[in-house]
There are 2 protein chains.
Amino acid sequence: MKVLTKNTDYAIRALLALAAKKGSYMSAKSIAIEHDIPYQFLRRLLQEMIRHNLIVSKEGVRGGFMMQKDPDEITVTQLIEIFQGKVQVSECMFRKQICGNRANCVLRHEIMRIESVVQSEFEKVTIGKLLRDLEAANQVNPTAATIS
Amino acid sequence: MKVLTKNTDYAIRALLALAAKKGSYMSAKSIAIEHDIPYQFLRRLLQEMIRHNLIVSKEGVRGGFMMQKDPDEITVTQLIEIFQGKVQVSECMFRKQICGNRANCVLRHEIMRIESVVQSEFEKVTIGKLLRDLEAANQVNPTAATIS
DNA sequence: CTTAACTGATACTATATTGATATCAATTAA
DNA sequence: TTAATTGATATCAATATAGTATCAGTTAAG
Ligand code: FES
Ligand code: FES
């Protein structure tokens, strides 16, 4: 069971790159090269993130993408929802005859409880937090390349 | 993002049926009909569960499947691992140049922390617990069919 | 005012995973 | 002997994931 798929993974990397270059535009090409992300694939992900107002773009020469939303406001939960759909454990595990009373179904409650736990765990992880963690790690271990 | 796939879902239902009929054999056919599970699909799941010593089978007329392992010892985490592979958030999100020190990588730590939270949440849910919850619900709401 | 570096939009292909079905041999209770 | 069953596989269909290609439109810079 793989929780994060490539698109979410790539989106996180791209956002970290943009967050590090906050205020200036960065082309899809340079992000792709820097983070080993398939170029055309990345471009689609970036456009999707524009639609969700996470980033903005500028067309033409010296154009590119720039952070729009505060990195501390972008959670992994949001990114999962954008690229993999809403986190849900199971639609409805048992057929109606068994769970006559869907609203009060204990099984359903159990499922929903887990759903909210999973969601809230991923909500704790923001792009801002990841970036700070990364920068701290690079100070401790300066031989590693920086993200920008 | 769908956490439980059909095979895990069906396996849970089948185990609940067998747990309720503890001590006697139940055919794949009757489980399939009772729980609206595609018959041949279910048979493969049952065989997989035999291989993992969760259940046992008896061949021939009046044969079938019977609970082997204590239902309280069967967790949803185990079933996810059997049918969907081990829960893992992300193999390794960033390339080596960035995470020069893989063992101490903060991002990796974050990922592993979430992995263990997800796993432990599903570990709290056992077949035994689900069955008791279900029986309790049916007492409160006796118009619903029983699981057995 | 032309050109090259860009994004916007979308169509397409390949591969893997998930979900489901089919077949036939072996076993066994009646 | 027969019908109800499991064991073991093979096959297929649908969907999701991953990646590629193309072309039109925009714009900074020479
Ligand atoms: S599991 Fe679906 S209503 Fe109870
Ligand atoms: S994310 Fe892979 S080692 Fe840090």
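Atom CG in B:L4 sits roughly 18 Å away from atom P in C:dT17 (whole-Å rounding). Distance, A:Q40 CD to D:dC23 P: 13 Å, rounded to whole Å. Residue A:L42 contributes atom CG, which lies 16 Å from atom C1' of D:dA21 at whole-angstrom precision. Atom-to-atom, OH of B:Y10 to C1' of C:dT21 comes out at 13 Å; the value is rounded to the nearest Å. Taking atom CD1 of A:I31 as the reference point, atom C1' of C:dC6 lies 13 Å away to the nearest angstrom. In this structure, A:K2 atom NZ and C:dT17 atom P are separated by 7 Å, rounded to whole Å. Atom CD1 in B:I37 sits about 13 Å away from atom P in C:dT21, given to the nearest Å.
If you check every strand for non-hydrogen atoms under 4.0 Å, B:F83 touches nothing. Among the atoms of the strands shown, only primed sugar atoms or phosphate atoms (P, OP1, OP2) are found under 4.0 Å from some heavy atom of B:K58. A:L46 comes within 4.0 angstrom of no nucleic acid atom, judged by non-hydrogen atoms across all strands.
With hydrogens and angles left out, the side-chain atoms of B:Q84 and B:T8 include a donor and acceptor closer than 3.5 Å.
Not a single donor-acceptor pair, N or O on each side, falls under 3.5 Å between the base of D:dT6 and the side chain of B:R44.
For D:dT5, the OP1/OP2 oxygens have no side-chain nitrogen or oxygen of B:S57 closer than 4.0 Å. Put simply, A:R62 has no side-chain N or O that comes within less than 4.0 Å of OP1 or OP2 on D:dT27.
Taking for each of B:F65 and A:T5 the nucleotide of DNA chain D with the nearest heavy atom, the 5'-most of the two is the partner of B:F65. If you find the closest nucleotide of DNA chain D to A:E59 and to A:P38, the one lying nearer the 5' end belongs to A:P38.
Nearest to the side-chain atoms of A:K6 among the listed nucleotides D:dA3, C:dC24, D:dG19 stands D:dG19.
Using a 4.0 Å cut-off between charged side-chain N and carboxylate O, A:K22 and A:D70 make no salt bridge. Classification of A:R51 and A:E48 as a salt-bridged pair holds, one side-chain N sitting under 4.0 Å from a carboxylate O.
Geometrically, A:R43 does not engage A:F41 in a cation-pi contact defined by less than 6.0 Å to the ring centre and at most 45° from the axis.
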